[in-house]
Participant: 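Next up is a structure, given as structure tokens.
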Amino acid sequence: MQTNFDNLVQIRRSFHQIPELALKEYETHALILKIIKSFPQDYLEFKNIDSMPTALLVRVRGSNPHRTIGYRCDIDALPVTENTGLKFSSTHAGIMHACGHDLHITVALGILRHFSTSQPADNLVFFFQPAEESQSGSVLAFQSGAFTQEFQPDEFYGLHDTPLLEAGTIGCRMGTLFAGTTEVNITLSGKSGHAAYPQNAQDMVVAQAYLITQLQSIVSRNVDPIEGGVLTFGKVTSGTIRNVIAGQAVIEGTIRGLTQEMIELIQERIRVICAGVALALDCKIDVQLNQGGYFPVQNNSALTKIFIKFMRNSKNIRFEETPPAMTGEDFGFLLNQFPGTMFWLGVGPTSSLHSATFNLNEQAIQPGVNAIIAFLEDRMRKEHPSNV
Ligand SMILES: CC(=O)N[C@@H](CCC[C@H](N)C(=O)O)C(=O)O
């Protein structure tokens with residue numbers, strides 16, 4: 001497909017065709033760069049991160065800067081086989097932009113294109129971030145010194161698309177927008193053997209099944225139902241053939257909680273139950289819990305108040321206050337380092353994020369770009385630092 005860099009829908013479709021997994025976003029990175037190089041370059045500066053070749057930071061020099069405003073967009077895709085039937089479906093087998101990061105990139109490029117032709121008052125830093133779905137790209141970038149000196153934001157913004165809001169609607173809330181998460185990897189090891197002689201083996205298929213049902217009592221029995229929490233096991237593997245008792249099994253899942261305390265409670269219960277099942281079923285159970293940068297996404301109260309007020313009072317913007325969601329985001333880590341706001345952009349109606357039939361409504365792109373440009377321009381008109 002030929003990309004017309006004036007047409008945001010076509011740009012989005014080009015990215016949709018080349019989804020790439022965390023830290024392997026090479027084609028995506030090259031296309032982002034090619035598109036930005038087609039914009040006027042007068043105010044732009046680029047920064048690469050040597051240890052993260054698919055990351056990109058672009059600074060737009062302000063005309064009379066009082067602050068540096070960061071805007072982050074994630075660029076990775078998921079190991080999902082697309083089943084949308086779209087003529088511009090993924091060309092990368094088994095990988096899909098099933099979380100809408102193709103739209104996130106497009107919206108960021110739309111905003112960047114605007115400010116590359118119409119110089120902003122304040123400095124802007126755009127962060128095209130690899131590895132949101134796994135491996136905490138935000139932490140890797142931060143630890144590699146991405147946000148030092150001129151690339152250090154005083155405040156940071158970022159969006160996520162959602163099928164739960166009508167296309168083009170902006171959603172946000174004060175306080176916690178997204179849950180914190182923890183990746184759970186559990187490996188069970190025992191003695192394999194002949195299917196006919198269970199007394200001489202330790203069956204890890206049975207242990208795995210037993211362990212999953214025990215672990216699934218955590219949310220119903222240990223979590224305060226008013227607070228809520230989630231424990232999902234999305235991938236289990238074990239065994240090789242019907243008549244061999246499996247000596248190994250692996251369970252992969254994710255914890256969700258709206259507070260760090262809730263995440264730590266669920267983590268602790270997982271450790272205790274795994275130790276108990278290992279003892280009861282005479283096997284080894286190794287538990288790896290990895291939170292990375294997936295902290296609860298806590299919106300800064302002063303900045304988010306300004307953001308919501310602007311969106312709510314703008315005639316051309318549809319805004320809805322949204323409840324917290326159990327989706328995770330490593331933007332939670334960046335909001336621990338810098339004050340800022342995360343918000344939703346509606347792309348509905350369509351099937352859920354992460355599904356093979358997720359087919360976002362492209363009518364969301366232009367209103368999303370317009371709303372964010374309008375907000376940033378308004379924000380830059382305000383004096384520094386009294387309006388925070
Ligand atoms: C918006 C979204 O869907 N984000 C992902 C973040 C994944 C966090 C981590 N890799 C985990 O699986 O816990 C999500 O699944 O919510």
Side-chain angles (χ1 to χ4, degrees), residues 19 21-25 72-80 95-105 107-108 129-141 157-165 171-173 176-186 215 218-219 228-236 250-260 262-264 266-267 270 287-299 322-336 341-348 350-358 360 364:
L21 296 178
L23 301 177
K24 299 199 171 86
E25 307 94 339
R72 172 269 201 176
C73 102
D74 41 8
I75 68 171
D76 57 325
L78 284 160
V80 170
I95 307 179
M96 176 186 173
H97 268 300
C99 203
H101 297 188
D102 49 345
L103 172 130
H104 298 182
I105 300 168
V107 169
Q129 184 207 298
E132 183 275 329
E133 295 291 355
S134 63
Q135 306 191 53
S136 300
S138 66
V139 179
L140 300 176
Y157 298 89
L159 69 74
H160 205 290
D161 63 316
T162 175
L164 301 177
L165 292 175
C172 192
R173 77 187 304 275
T176 308
L177 186 74
F178 283 12
T181 86
T182 293
E183 294 173 359
V184 182
N185 294 296
I186 301 174
L215 293 172
I218 295 175
V219 171
V230 176
L231 184 51
T232 292
F233 297 110
K235 186 174 175 191
V236 293
V250 176
I251 303 173
E252 293 168 57
T254 173
I255 299 170
R256 307 294 160 113
L258 294 176
T259 62
Q260 190 59 23
M262 178 57 70
I263 292 161
E264 286 168 18
I266 299 174
Q267 287 177 346
I270 290 175
V287 186
Q288 300 293 331
L289 301 174
N290 176 26
Q291 182 164 12
Y294 300 96
F295 297 132
V297 174
Q298 307 279 5
N299 279 336
T322 48
M326 285 295 184
T327 37
E329 250 290 351
D330 67 344
F331 195 55
F333 170 81
L334 291 178
L335 290 187
N336 258 13
T341 300
M342 176 149 234
F343 54 97
W344 294 109
L345 173 61
V347 295
T350 178
S351 42
S352 77
L353 294 171
H354 292 197
S355 69
T357 50
F358 175 69
L360 62 82

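Just follow the structure's listing: the first ligand is 1, and inside any ligand the first atom is 1.
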Participant: Tell me the nearest of E183, M326, H101 to atom 10 (N) of ligand 1, using heavy-atom distances.
Facilitator: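 Result: the heavy atom closest to atom 10 (N) of ligand 1 is in E183.
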
Participant: Can you confirm whether T357 sits close enough to T350 that some side-chain heavy atom of one is under 4.5 Å from a side-chain heavy atom of the other?
Facilitator: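 Not in contact.
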
Participant: Please tell me whether Q291 and T181 have a donor and an acceptor in their side chains that are separated by less than 3.5 angstrom.
Facilitator: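 Q291 vs T181: no donor-acceptor pair found between side chains.
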
Participant: Looking only at distances, please establish whether an N/O atom of ligand 1 is found under 3.5 Å from an N/O atom of E132.
Facilitator: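 It does: an N or O of E132 is found under 3.5 Å from an N or O of ligand 1.
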
Participant: Under a 4.0 Å heavy-atom limit, does H354 contact ligand 1 with its side chain, its backbone, both, or neither?
Facilitator: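 The part of H354 near ligand 1 is the side chain, not the backbone.
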
Participant: Grab the two heavy atoms, one from Y294 and one from E183, that are nearest each other, plus how far apart they are.
Facilitator: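 So the minimum-distance heavy-atom pair works out to CE1-OE2, 4.2 Å.
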
Participant: Within the side chain of E25, is there an N or O that forms a donor-acceptor pair under 3.5 Å with the backbone of A131?
Facilitator: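 Yes, because the side chain of E25 sits within donor-acceptor range (under 3.5 Å) of the backbone of A131.
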
Participant: When the aromatic ring centroids of H160 and H101 are compared, is their separation below 6.0 Å?
Facilitator: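 Between H160 and H101, the centre distance is under 6.0 Å.
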
Participant: Please state which protein non-hydrogen atom is closest to atom 1 (C) of ligand 1 and give its distance, to 0.1 Å?
Facilitator: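 Protein heavy atom at minimum distance: H160 NE2, 3.2 Å.
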
Participant: If you count the atoms of ligand 1 from 1 in the order shown, which ones are under 4.0 Å from a heavy atom of R256?
Facilitator: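 Here the atoms of ligand 1 in question are 11 (C), 12 (O), 13 (O), 14 (C), 15 (O), 16 (O).
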
Participant: Among V297, T254, I255, T327, which residue places a heavy atom closest to atom 13 (O) of ligand 1?
Facilitator: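 Heavy atom nearest to atom 13 (O) of ligand 1 belongs to T254.
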
Participant: Is a salt bridge present between R72 and E329, judged by a nitrogen-to-oxygen distance below 4.0 Å?
Facilitator: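 Looking at E329 together with R72, the answer is yes, because their closest N to O distance falls below 4.0 Å.
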
Participant: Should you measure from each heavy atom of G328, which atoms of ligand 1 turn up under 4.0 Å away?
Facilitator: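 Near G328, the atoms of ligand 1 are 1 (C), 2 (C), 4 (N), 5 (C), 6 (C), 14 (C), 16 (O).
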
Participant: Write out the residue and atom name of the closest protein heavy atom to atom 7 (C) of ligand 1, then the distance separating them to 0.1 Å.
Facilitator: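 Minimum-distance protein heavy atom for atom 7 (C) of ligand 1 reads E133 O, 3.4 Å.
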
Participant: Without swapping roles, check the side chain of S138 against the backbone of D330 for a donor-acceptor pair under 3.5 Å.
Facilitator: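 Yes; judged by distance alone, with no hydrogens or angles, the pair exists.
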
Participant: If the cut-off is 4.0 Å to any non-hydrogen atom of T181, which atoms of ligand 1 fall inside it?
Facilitator: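 The atoms of ligand 1 under 4.0 Å from a heavy atom of T181 are 8 (C), 9 (C), 11 (C), 13 (O).
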
